[in-house]
Amino acid sequence: MSMPKKKTKEKKAKRKTSASSESSEKKLKTYSLLRGMHDVLPREEKYWKNFYHTAENLAEHFQFSRIETPLLEEANLFIRSIGKGTDVVDKEMYIFEDRDGNKVALRPEMTASAARAYIMHGMWNQSQPVKLWYWGPMFRYDRPQAGRFRQFNQVGFETLGDADPVVDAELILLAHNFYKDLGLPVDIHINSIGTLEERQKYKTSLIEYYRAKRSYLCDDCKQRLSKNPLRLLDCKQERCQPIKEDAPQIIDWLEDESKNHFMKVLEYLDELGVPYVMRGTLVRGLDYYTRTVFEVYPQITGEGGSSMSVGGQQSALGGGGRYDLLVEEMGGRPTPAAGFSLGIERSVSALKQYFDANQIKPPVKKFDAFMAQLGDQAKRRSLKIINDLRLSGLKIDYNFSKNSLKSQLEAANSLQVPYAIILGQKEVQDGTIIIRDMESGVQEIIDQKKTENMLKKKLARFDDEKKR
Ligand code: HAM
């Protein structure tokens, strides 16, 4: 009788240990990110927010309207527009079949989606050009490395329905202003890759040139020679550089019309004072481009203050160009168009590096005032005051987890807000509030009902003084 009891005890103990090791295994199980994916943490927020505000302001100034399209589209939309033989289509698309057997893809970029939307929603009926901007995640199953992710974000601007070179110049000006507003010095590289026919003739001469040097080429370039000869100009391998330098340049293959178009773009840029670097080997990695192409690179100040920029696709902060045939090729009416997109992760990283190297403080959030409160009643009341002020268009920061006035005013100080509004028990009872000038420390007690008016008046005076 005792044996079975012991066995049961042992069994129980065994069960217990295996259950506890299971639960400890369960506890230990944590999840990491998929390769090439990343989180954007709160400490990065100031850069991202600043980037978004810059985009929004410039879009408004240059009259672009925001468009949002799905992350998932028919795979063929991208295959046809970006082109077979490009890295994006051949190697980097997230393609799969949905439950109905449809071949779908996570968008690797948004120009094709914007063109699809333009056709689908009959935007050619609107006054032309139609100017669209977007912001969001893109997906490319690329080999992850610094500045290269499988999910990354872009902001983009597309002008559809106008062939005039002024459109190309306006877009390049926008890209230039973007980084100027952010405080990051950049170089804009520019080239023209002509029309399809001109490019075809150029490709023939490029193949001829490279074929004669085939045995000296890296393995990738040997493949590019037969698959996508324009990509030969992207090669980063040391051994291919001298060959690339002497390669024929596409600009010499342009007919008068394309040449004139490009000259006009450059004239506009000169007139606008937008600096650019002519780069004969710049051809871009997507097939839909015609004529003007450009890329943006972070500027690195070399010895003696001379400026140089790092070439190579991987370090490009953004790029774009004209794509006059895309809409028609996708079944729409002939619609000349141009656009560009900027990589947000790469731009944020370049900004951080630049600010660190030059000991520049990252931009601070701009608030109009900080609301400080003392005591339970004041806390309750201040939530209402903050909301009323926010509804009136003012930006108010606050921190309810700090209870002492000193720590709240320190927070206000580090935010560099011009004013703090302070509410204590006494003010709640009196129906008053204190406005404190953060620079001089002078405080004024006012009627609570006049907070909005008074603050707005003071802020207007503050802005005037700053301008002087
Ligand atoms: P793209 O040159 O392929 O052009 O991409 C634009 C920018 O997105 C790049 O310069 C880079 O900053 C960023 N980017 C691209 N791939 C990655 C990646 N794997 N990880 C991180 N960032 C990346 C386009 O996408 C075109 N749709 C631009 C355009 C608009 N052309 C005409 N309109």
Side-chain angles (χ1 to χ4, degrees), residues 35-38 40 51 64 67 69 73 77-78 81-83 86-89 91-94 106-118 129-160 167-168 170-172 174-175 178-179 184 186-191 193 231 234 282-298 309-327 335-351:
R35 232 182 136 219
M37 305 288 169
H38 67 106
V40 180
F51 211 86
F64 283 77
I67 183 167
T69 62
E73 299 252 15
L77 168 71
F78 302 111
S81 57
I82 298 169
T86 60
D87 279 354
V88 174
V89 166
K91 302 181 195 159
E92 298 169 8
M93 291 250 283
Y94 274 91
L106 283 170
R107 64 182 186 201
E109 59 111 46
M110 239 186 94
T111 309
S113 308
R116 190 230 355 103
Y118 177 90
V130 171
K131 294 164 97 177
L132 306 170
W133 80 282
Y134 50 82
W135 169 286
M138 312 291 153
F139 302 82
R140 294 186 192 176
Y141 198 81
D142 210 340
R143 199 161 45 86
Q145 48 185 276
R148 209 196 271 172
F149 302 99
R150 289 185 174 170
Q151 178 177 334
F152 60 97
N153 290 272
Q154 280 186 348
V155 57
F157 298 83
E158 314 284 353
T159 304
L160 298 115
V167 167
D168 314 40
E170 187 190 44
L171 287 161
I172 296 171
L174 212 169
F178 211 109
Y179 291 101
L184 181 74
V186 294
D187 278 337
I188 294 178
H189 293 193
I190 184 168
N191 196 19
I193 58 168
R231 300 272 69 77
D234 286 338
L282 175 62
V283 286
R284 303 275 300 137
L286 314 163
D287 269 1
Y288 50 62
Y289 292 109
T290 46
R291 295 196 169 147
T292 317
V293 285
F294 66 97
E295 278 178 353
V296 188
Y297 290 89
S309 59
V310 250
Q313 214 172 2
Q314 202 181 306
S315 55
L317 301 176
R322 185 158 274 289
Y323 50 94
D324 288 343
L325 305 174
L326 180 63
V327 174
T335 308
F340 71 93
S341 7
L342 307 175
I344 300 168
E345 282 80 358
R346 282 190 202 172
S347 302
V348 164
S349 153
L351 266 171

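A quick note: this is a predicted structure, and the numbers were derived from the prediction, not measured. Because only heavy atoms are used, hydrogens play no part in the values below, and waters and symmetry mates are left out as well, while side chains stay in. Ligands are counted one by one from 1 in listed order, and the atoms in each one are counted from 1 as well.
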Looking only at distance, does Leu317 have an N or O less than 3.5 Å from an N or O of ligand 1? yes

Answer yes or no: is there an ion pair linking Lys131 with Glu170, defined by an N-O contact shorter than 4.0 Å? yes

Quick one, Phe157 and Leu171 - any side-chain contact, counting heavy atoms below 4.5 Å? yes

Does ligand 1 have an atom that lies less than 4.0 angstrom from a heavy atom of Arg284? yes

Between Arg148 and Arg346, is there a side-chain heavy-atom distance shorter than 4.5 Å? yes

Is it the side chain, the backbone, both or neither of Glu345 that has a heavy atom closer than 4.0 Å to ligand 1? neither

Polar contacts were defined as any N/O atom of the residue lying under 3.5 Å from an N/O atom of the ligand; does this apply to Tyr134 and ligand 1? no

So the atoms of ligand 1 within less than 4.0 Å of a heavy atom of Tyr289 turn out to be 26 (C), 28 (C), 29 (C), 31 (N), 32 (C)

Indicate yes or no: at least one non-hydrogen side-chain atom of Tyr134 is less than 4.5 angstrom from one of Val155. no

Distance under 4.0 Å to a non-hydrogen atom of Glu158: what atoms of ligand 1 satisfy this? 30 (C), 32 (C), 33 (N)

Per-atom contacts, ligand 1 versus Gly343 - under 4.0 Å to a heavy atom: 7 (C), 8 (O), 12 (O), 13 (C)

Compute the shortest N/O to N/O distance between Glu109 and ligand 1 and return yes if it is under 3.5 Å, no if not. yes

Does any part of the side chain of Leu342, heavy atoms only, come nearer than 4.5 Å to the side chain of Leu317, both counted from C-beta? no

Just say parallel, tilted or perpendicular for the rings of Phe178 and Phe51, cut-offs at 30° and 60°. tilted

With a cut-off of 4.0 Å, which atoms of ligand 1 are near a heavy atom of Thr111? 26 (C), 27 (N), 29 (C), 30 (C), 31 (N), 32 (C), 33 (N)

Atom indices of ligand 1, in the order listed, that fall short of 4.0 Å to a heavy atom of Gly147: 20 (N), 21 (C), 22 (N)

Decide yes or no for Leu160 and Glu158: does some side-chain heavy atom of the first lie under 4.5 Å from some side-chain heavy atom of the second? yes

Side chains of Arg322 and Val167 in contact at under 4.5 Å (non-hydrogen atoms): yes

Candidates Phe152, Tyr323, Tyr297; heavy atom nearest atom 23 (C) of ligand 1 found on Phe152

In terms of the angle between their ring planes, are Tyr323 and Tyr289 parallel, tilted or perpendicular, with boundaries placed at 30° and 60°? perpendicular

Separation between CZ (Phe340) and CD (Glu295), nearest 0.5 Å, reads 13.0 Å

Enumerated ligand 1 atoms positioned under 4.0 Å from heavy atoms of Gly319: 28 (C), 29 (C)

Mind checking whether Phe340 has an N or O less than 3.5 Å away from an N or O of ligand 1? yes

Give the atom numbers and elements of ligand 1 that come within less than 4.0 Å of a heavy atom of Gln154. 5 (O), 6 (C), 7 (C), 8 (O), 24 (C), 25 (O)

Is there at least one pair of N or O atoms, one from Phe157 and one from ligand 1, spaced under 3.5 Å apart? no

Number the atoms of ligand 1 from 1 as they appear, then name those within less than 4.0 Å of a heavy atom of Leu286, with their elements. 4 (O), 24 (C), 26 (C)

Does only the side chain of Tyr288 get under 4.0 Å from ligand 1, or the backbone, or both, or neither? Count heavy atoms. side chain

So do Thr292 and Ile190 actually touch side chain to side chain, heavy atoms under 4.5 Å? yes

Considering both backbone and side-chain atoms of Phe149, is one of its nitrogen or oxygen atoms within less than 3.5 Å of a nitrogen or oxygen in ligand 1? yes

Just to check, does Gly318 reach to within less than 4.0 Å of ligand 1 when the distance is taken from its heavy atoms? yes

Is the shortest side-chain heavy-atom distance between Trp135 and Ile344 below 4.5 Å? yes

